[in-house]
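To start, the structure under review is shown below, and the notes come after it.
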Amino acid sequence: MDVLTKEQRHRAMSRIRSKDTKPEVRLRKALWHLGLRYRKNWKKLPGTPDIALTRQKIAIFVDGDFWHARGHQEHPGEQVASNREYWQRHLARNVEHDRDVNDELTELGWLVLRFWEGDIRKDLAKCVAEVCDYCGRAARQE
């Protein structure tokens, strides 16, 4: 049973962003600061990567811990208590879609990097260093 009314739930869900989330913006700013230039939410690629490093052919996705079933890849939807059947289907489809997008981009010759929002929040420098490793650049430590 949901603890919020239908109107409260609608208001809460309508505030969830798909673009320019805080972790995505933090990662973009860190990459820009290092001199890496990119396209954001580039629709020319399958899956519309959050960050596309076109020169290096690297597609970066910043996945939300809930929406992409972090920790529940085998059984998405386990983390919810109400309307479980709906969420299991919905989150399972998100995980499946992520795999399909990874395959499409790989076939096109792109490297796909996926970062969890929680990992960016906890250790941004590590995420930036991983991108820099694939770009062939050394991440500056500050």
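The residues of the chain are indexed from 1 along the displayed sequence.
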One should read off an interatomic distance between Lys122 NZ and Asp119 CG, to the nearest 0.5 angstrom, of 6.5 Å
Q) Hey, quick one: are Val95 and Phe61 part of the same hydrophobic cluster, counting side-chain heavy atoms closer than 4.5 Å, chains of contacts allowed? A) no
Trp32 meets the ring-ring contact (aromatic ring centres under 6.0 Å, His included) criterion, sequence neighbours left out, with Tyr38
Contacts of Arg39 meeting side chain to side chain donor-acceptor pair (under 3.5 Å) (sequence neighbours excluded), chain-then-number -> none
Closest non-hydrogen atoms of Ile120 and Pro23, given as atom of the first, atom of the second and distance, are CG2-O, 3.6 Å
* Take Lys22 and Val25, measure what side-chain contact (heavy atoms from CB on, under 4.5 Å) needs, and give me the verdict at the end. => CA-CA 5 Å; Lys22 287 180 184 179; Val25 170; 5.9 Å; no
In Ile60, Val101, Val62, the residue satisfying side chain to side chain contact (heavy atoms under 4.5 Å, CB included) with Arg114 is Val101
For Gln56 and Cys135 the tightest heavy-atom approach is CG-SG, 4.0 Å
Sorted by chain and residue number, the side chain to side chain contact (heavy atoms under 4.5 Å, CB included) partners of Leu108 (sequence neighbours excluded) come out as Pro46, Trp110
Distance col, row Ile58:CD1 vs Tyr134:OH, nearest 0.5 angstrom, shows 9.0 Å
Contacts of Arg26 meeting salt bridge (Lys or Arg N to Asp or Glu O under 4.0 Å) (sequence neighbours excluded), chain-then-number -> none
- Is the shortest heavy-atom distance from the side chain of Asn41 to the side chain of Glu24 under 4.5 Å? yes
Quiz item: Is any NZ, NE, NH1 or NH2 atom of the basic residue among Glu96 and Arg99 found under 4.0 Å from an Asp or Glu carboxylate oxygen of the other?
Solution: no
Across all chains, not counting sequence neighbours, the salt bridge (Lys or Arg N to Asp or Glu O under 4.0 Å) partners of Glu104 are none
| request: Taking the side chain as every heavy atom from C-beta outward, state whether Thr5 and Gln8 have any pair of such atoms under 4.5 Å apart. | output: yes
The side chain to side chain contact (heavy atoms under 4.5 Å, CB included) partners of Asp103 (sequence neighbours excluded) come to none
Sequence neighbours excluded, the answer for salt bridge (Lys or Arg N to Asp or Glu O under 4.0 Å) partners of Glu85 is Arg89
One should read off an interatomic distance between Asp50 CG and Leu27 CG, to the nearest 0.5 angstrom, of 9.0 Å
Across all chains, not counting sequence neighbours, the salt bridge (Lys or Arg N to Asp or Glu O under 4.0 Å) partners of Lys126 are none
Sequence neighbours excluded, the answer for side chain to side chain donor-acceptor pair (under 3.5 Å) partners of Glu130 is none
*Under 4.0 Å between a Lys/Arg side-chain N and an Asp/Glu carboxylate O for Arg121 and Glu117?*
yes
In this structure, SG of Cys127 is separated from CG of Leu113 (nearest 0.5 Å) by 10.0 Å
CG of Leu105 to CG of Asp100, rounded to nearest 0.5 Å, is 11.0 Å
Exercise. Should Leu31 and Leu124 be regarded as members of a common hydrophobic cluster, given that ILVMFWY residues are connected when their side-chain heavy atoms come within less than 4.5 Å of each other, either directly or indirectly?
Worked result: yes
Verify the cluster assignment for Trp42 and Leu53: are they in a single hydrophobic cluster under the rule of side-chain heavy atoms below 4.5 Å apart? no
Subject >> Sub-4.5 Å side-chain heavy-atom contact between Ile51 and Phe115 >> reply: no
